[in-house]
Number of protein chains: 2
Amino acid sequence: MATHIEDPVDGLLGYHLRRVSVQSMADFSTALARLELRPAEASVLFVIGANPQVTQSQIGRMLGIKRANMTPLVASLARRGLLRATPKDGRSQGLALTAKGTTLARKARAAADQHDRRFFGALSTEERRALLGQLRALWHQRRRAATDEG
Amino acid sequence: MATHIEDPVDGLLGYHLRRVSVQSMADFSTALARLELRPAEASVLFVIGANPQVTQSQIGRMLGIKRANMTPLVASLARRGLLRATPKDGRSQGLALTAKGTTLARKARAAADQHDRRFFGALSTEERRALLGQLRALWHQRRRAATDEG
DNA sequence: TATTGTTATACTCTATAACTATA
DNA sequence: TATAGTTATAGAGTATAACAATA
């Protein structure tokens with residue numbers, strides 16, 4: 001029998017947020033592993049699918065991935081025949097999903113939706129709506145603050 | 001003027017959860033940097049402060065840090081004179097904060113509380129209470145599921 | 001001058017496997 | 001047999017700096 005241990009971080013919202021986020025990502029990673037995709041790769045496919053001819057710099061800005069890290073990520077997806085790059089102008093290239101990429105992105109999206117339903121299924125529709133709204137608000141608020149500084 | 005880009009992950013709760021969690025951790029890391037502490041180190045100090053003579057394996061289980069990763073973490077805090085290890089039995093050691101460690105832990109805790117107030121300050125008291133309750137519920141639910149599997 | 005894409009590099013966090021000493 | 005602690009190592013994710021080519 002284990003002695004009871006006090007949890008001194010139980011009152012911290014930020015701690016709980018991170019803890020649940022880590023769980024969620026771990027579950028989602030497992031679900032995506034069947035498709036040989038990682039969460040970052042899946043999100044890139046989603047953005048390209050919804051925005052044909054988007055550039056990798058634009059994707060990086062939207063998803064919070066640095067330019068330097070987009071390069072190997074996009075190269076890997078291109079190597080697997082999931083996307084095709086066509087020059088937009090001399091320095092940038094528009095990205096689009098191939099047929100294979102479209103199929104895989106659709107499966108990944110289904111996995112993401114299923115993960116969301118499972119992981120947050122215990123919350124009522126109203127709770128989920130409220131949670132989504134709060135997270136969006138927190139994100140935009142902090143984003144504004146960062147923009148003001150930078 | 002940037003062309004509008006569709007955000008295809010805007011409806012995914014898991015995505016928003018992770019995004020906000022990353023922001024929160026980045027802000028907290030910055031706040032802790034003044035104290036030359038990282039979030040994981042601060043959380044370890046908190047647990048030791050609330051549970052004198054706790055072992056590093058117990059801390060790891062509570063915080064979700066692997067035994068193998070606790071070793072250098074605890075060694076680093078000991079080297080800085082923040083905690084003291086005394087043998088409990090032949091194979092385990094009880095950890096306790098030194099005076100210096102207690103002082104630093106108190107400052108780190110103040111930073112954590114301030115971070116929480118700032119970062120989640122836009123939410124009403126009721127919203128924060130609800131959010132904390134939902135995050136706790138999600139965590140325990142998934143934890144139960146993992147225990148059932150394993 | 002600013003931006004795109006690239007390379008090289010490094011740090012943190014996390015994970016596994018193998019080992020010892022002890023319970 | 002199970003647990004505590006250690007060591008070595010590897011993989012992700014993320015970060016910066018510097019560069020060439022182009023806008």
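Sequence lines set the chain letters: A, B, ... in the order given, protein chains first and strands last, and positions in each chain run from 1.
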- Task: Just grab all the salt bridge (charged side-chain N to carboxylate O under 4.0 Å, His left out) pairs involving residues 122-140 of chain B, residues at least two apart or on different chains.
- Result: A:Asp10-B:Arg136, B:Glu126-B:Arg129
- Query: For the atom pair CZ (B:Arg18) and OG (A:Ser24), what is the distance rounded to the nearest 0.5 Å?
  - Reply: 10.0 Å
- For residues 97-111 of chain B, the side-chain hydrogen bond (donor to acceptor under 3.5 Å, both in side chains) pairs (sequence neighbours left out) are B:Arg109-B:Asp113
- Message: Does anything in residues 30-78 of chain A form a ring-ring contact (aromatic ring centres under 6.0 Å, His included)? List the pairs, not counting sequence neighbours.
- Response: none
- Note on the structure: Rounded to the nearest 0.5 Å, the CG atom of A:Leu37 sits from the CG atom of A:Leu45 at a distance of 6.0 Å
- Same apolar cluster (I L V M F W Y, side chains within < 4.5 Å links), A:Val54/A:Leu104: yes
Between N or O atoms, less than 3.5 Å apart, protein on one side and nucleotides 16-18 of chain C on the other: list the pairs.
none

- Note: contacts of residues 18-37 of chain B with DNA chain D (heavy atom, under 4.0 Å) are B:Arg18
- Quick one: ring-ring contact (aromatic ring centres under 6.0 Å, His included) pairs with a partner in residues 89-123 of chain A, sequence neighbours left out? A:Phe28-A:His115, A:His115-A:Phe119
- Query: When you measure from every atom of DNA chain D, which of residues 71-78 of chain B have a heavy atom less than 4.0 Å away?
  - Reply: B:Thr71
Side-chain donor-acceptor pairs of residues 79-86 of chain A under 3.5 Å, sequence neighbours excluded:
{"unit_1": "A:Arg80", "atom_1": "NH1", "unit_2": "A:Glu36", "atom_2": "O", "d": "2.8"}
{"unit_1": "A:Arg80", "atom_1": "NH2", "unit_2": "A:Glu36", "atom_2": "O", "d": "3.0"}
{"unit_1": "A:Thr86", "atom_1": "OG1", "unit_2": "A:Gln53", "atom_2": "OE1", "d": "3.2"}

- CD1/A:Ile65 to OG/A:Ser43 distance, rounded to the nearest 0.5 angstrom? 5.0 Å
- Note on the structure: Per the under-4.0 Å heavy-atom filter, residues of residues 84-98 of chain B near DNA chain C come out as B:Asp89, B:Gly90, B:Arg91
- Query: A:Arg61 has an atom CZ; how far is it from atom C1' of C:dG5, in whole Å?
  - Reply: 12 Å
- Between A:Gln56 and C:dT6, is there a side-chain N or O to OP1/OP2 distance below 4.0 Å? yes
- Query: Less than 4.5 Å apart, any side-chain heavy atom of B:Gln93 and any of B:Pro87?
  - Reply: no
- Item | DNA chain C: 5'-proximal contact among B:Ile65 and A:Thr55 (nearest heavy atom) | A:Thr55
- Message: According to a hydrophobic-cluster definition based on side-chain heavy atoms being under 4.5 Å apart (Ile, Leu, Val, Met, Phe, Trp, Tyr only), do A:Leu32 and A:Val22 belong together?
- Response: no
- Please identify each residue that fulfils salt bridge (Lys or Arg N to Asp or Glu O under 4.0 Å) with A:Asp7, with sequence neighbours left out. none
- Within a strict 4.5 Å, meaning less than it, do heavy atoms of the B:Ile59 and B:Leu95 side chains meet? yes
- Among all residues two or more places apart in sequence or in another chain, which pass the side chain to side chain donor-acceptor pair (under 3.5 Å) test with A:Glu41? A:Arg38
- Item | Outermost nucleotides of DNA chain D that come under 4.0 Å of a non-hydrogen atom of chain A | D:dA12 to D:dA23
- So, the side chain of A:Gln23 versus the backbone of B:Arg142: is there a donor-acceptor pair under 3.5 Å, distance only? no
